[in-house]
Amino acid sequence: MTAQQPSLMCPVEVSNLQRQLDGQTVLNNISLNVRGGDVVGLLGKNGSGKTTLLETMLGFGFPAFGESLLWGERATELSGATKQRVGYVPQRDELPGELTPQQLFNLYRQLRPRWNQALVERLMPEWELSQTKRIRRMSEGQKQKLAIVLAVAHNPDLLVLDEPVASLDPIARRQFFQQLMDYACRDNCAIIFSSHIVSDMERIVNRVWCLENGQLTCDSELDQLYESVVRIDYSGQIPQSQLAELTGLLHSETNRAGGQLVLAEWTPQRAKELEVLGLVDIRVSALGLEDIFLYWHGGAHGR
Ligand SMILES: Nc1ncnc2c1ncn2[C@@H]1O[C@H](COP(=O)(O)OP(=O)(O)OP(=O)(O)O)[C@@H](O)[C@H]1O
């Protein structure tokens, strides 16, 4: 068997990853991969393990079990050349407060062979950022924007962003997503980002991961998710005990005329199964990603 060309390898391959912090299992047996061109949205409640997953995937910290490979190299032992292919925007601000953006750009320009100063010169005024203000005097949102500029300007093949829009105003969020879409159009560039703002995520990702208590509960193409998790309105009276038997039932409620179900693992062939139960006038409609996430995790109107 011939060795695979590094450029054709998956940017990320994670297998059976387990991570423990303070004796607690924070990531449990996670396997996933990212292909070139993927834009992956990572969803999960607070404390579900998103930051830990992104950090462990990139080699910041050792797993208790399993491994993460970036283009075939173990993430904790990356070569200098492979490190240059990764851009990361951490959730917490790690910028040197005493420097100005200009000083930081000068530094990065020397350290990053792929540095794109033209992009910096375009983004800084567009995002209303000063190049000469000390970073510690910037607002949280301004620092977040700067961290994004730094990550994209070094032209990575894998861009990982941990809650990049948490402090951004709606205009900045829109500019950020436009920039991300431009970036995603580059050949074979992969993007992974976590966010609690699901409506934004939905506009750009092709793939979704959900974490729950350190376990990967969903790894799906967005289109497949829309097709497989649906709302069903029906007429007829069915005992709740019978509905409870349905595979993938996430939610059910009844009214005098009939009721409503939310089902995962839906396929059009399953309509027969509902008819056999006595449901009539079945209407299937798609849900948005936010609703899918809420039902999946038993949130506001979930289980
Ligand atoms: N250094 C640490 N030591 C011990 N436990 C930690 C440490 N860092 C994180 N944890 C725990 O690991 C779990 C996952 O944390 P993590 O920050 O990965 O979650 P998250 O999904 O990113 O949360 P959020 O959405 O709030 O940012 C939490 O229970 C947290 O308390």
Side-chain angles (χ1 to χ4, degrees), residues 12-34 38-68 70 75-76 86-95 139-141 143-148 151 158-169 172-173 176-177 180 190-205 207-220 222 225 288-300 302:
V12 182
E13 281 176 280
V14 167
S15 46
N16 308 113
L17 200 68
Q18 197 184 97
R19 180 88 192 262
Q20 300 205 308
L21 293 170
D22 275 354
Q24 183 200 346
T25 301
V26 175
L27 299 177
N28 196 359
N29 201 27
I30 291 184
S31 296
L32 42 82
N33 63 58
V34 178
D38 270 344
V39 181
V40 183
L42 173 57
L43 288 170
K45 291 197 274 194
N46 292 128
S48 57
K50 300 181 297 297
T51 296
T52 312
L53 174 61
L54 297 179
E55 289 181 350
T56 314
M57 183 187 288
L58 294 179
F60 307 136
F62 288 86
F65 192 77
E67 64 178 5
S68 171
L70 304 187
T76 47
V86 181
Y88 178 49
V89 179
Q91 185 177 21
R92 285 176 291 276
D93 158 36
E94 291 175 3
L95 300 167
S139 73
E140 285 310 307
K143 284 191 258 189
Q144 199 160 27
K145 287 186 197 175
L146 179 60
I148 295 166
L158 171 64
L159 181 58
V160 178
L161 309 108
D162 193 358
E163 294 204 33
V165 294
S167 308
L168 300 190
D169 65 54
R173 261 174 36 216
F176 163 73
F177 279 105
L180 214 56
I191 299 173
I192 308 170
F193 74 101
S194 68
S195 177
H196 293 295
I197 305 179
V198 183
S199 51
D200 282 339
M201 181 179 281
E202 189 164 28
R203 301 208 329 258
I204 177 166
V205 301
R207 213 161 143 198
V208 177
W209 296 338
C210 291
L211 270 185
E212 193 169 2
N213 295 325
Q215 309 226 32
L216 193 68
T217 53
C218 166
D219 174 5
S220 173
L222 182 60
L225 202 57
L289 184 58
E290 183 155 6
D291 277 333
I292 292 174
F293 177 74
L294 286 169
Y295 284 118
W296 204 291
H297 288 89

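As a basis for the values below, the full set of heavy atoms in this structure was taken, side chains included, without hydrogen atoms, waters or symmetry mates. First listed ligand is number 1; within each ligand, the first listed atom is number 1.
- Close approach to S48 involves these atoms of ligand 1, each under 4.0 Å from a residue heavy atom: 19 (O), 21 (O).
- Residue-level proximity to ligand 1 for V26 is carried by the side chain, the only part with a heavy atom below 4.0 angstrom.
- Regarding atom 17 (O) of ligand 1, its nearest protein heavy-atom neighbour is T51 CB, 3.7 Å.
- Proximity of a side-chain donor or acceptor of E67 to a complementary backbone N or O of S15 within less than 3.5 Å is not detected.
- N46 ND2, 3.0 Å is the protein heavy atom nearest to atom 26 (O) of ligand 1.
- Nearest heavy-atom pair across K145 and A172 is CE-CB, 3.5 Å.
- For E163, there are no salt bridge (Lys or Arg N to Asp or Glu O under 4.0 Å) partners, not counting sequence neighbours.
- The contact set between ligand 1 and K45, taken as ligand atoms under 4.0 Å from a residue heavy atom, comprises 21 (O).
- The closest approach between G44 and ligand 1 stays at or above 4.0 Å for every heavy atom of the residue.
- Across all non-hydrogen atoms, the minimal contact from T56 to S68 is O-CB, 4.1 Å.
- Inter-residue side-chain proximity for V34 and W209 is flagged as met; some heavy-atom pair is nearer than 4.5 Å.
- If you number the atoms of ligand 1 from 1 as listed, the ones under 4.0 Å from a heavy atom of E163 come out as 25 (O), 27 (O).
- Contacts between H196 and ligand 1 below 4.0 angstrom, taking non-hydrogen atoms only, involve the side chain exclusively.
- The closest protein non-hydrogen atom to atom 19 (O) of ligand 1 is G49 N, 3.3 Å.
- Short contacts between ligand 1 and Q91, defined as distances under 4.0 Å to a heavy atom of the residue, involve ligand atoms 27 (O).
- Proximity of atom 30 (C) of ligand 1 to the protein is not indicated, since no non-hydrogen protein atom lies closer than 4.0 angstrom.
- If you check which protein heavy atom lies closest to atom 4 (C) of ligand 1, you get D22 OD2, 3.4 Å.
- For ligand 1, the atoms sitting less than 4.0 Å from at least one non-hydrogen atom of K50 are 18 (O), 19 (O), 20 (P), 21 (O), 22 (O), 23 (O), 24 (P), 25 (O), numbered in the order shown with element in parentheses.
- Looking at F193 and V39, their side chains come closer than 4.5 Å, going by heavy atoms from C-beta outward.
- No side-chain heavy atom of V12 sits under 4.5 Å from any side-chain heavy atom of N33.
- Distances below 4.0 Å separate heavy atoms of T52 from the following atoms of ligand 1: 14 (C), 15 (O), 16 (P), 18 (O).
- The protein heavy atom nearest to atom 14 (C) of ligand 1 is G47 O, 3.4 Å.
- L70 and A75 get closest at one heavy-atom pair: CG-CB, 4.3 Å.
- For atom 6 (C) of ligand 1, the closest non-hydrogen atom on the protein side is L21 CD1, 3.6 Å.
- When all heavy atoms of K45 and H196 are compared, the pair lying nearest together is C-CE1, 4.4 Å.
- Contacts of V198 classified as side-chain contact (heavy atoms from CB on, under 4.5 Å), with partners at least two apart in sequence or in another chain: L43, L289, E290.
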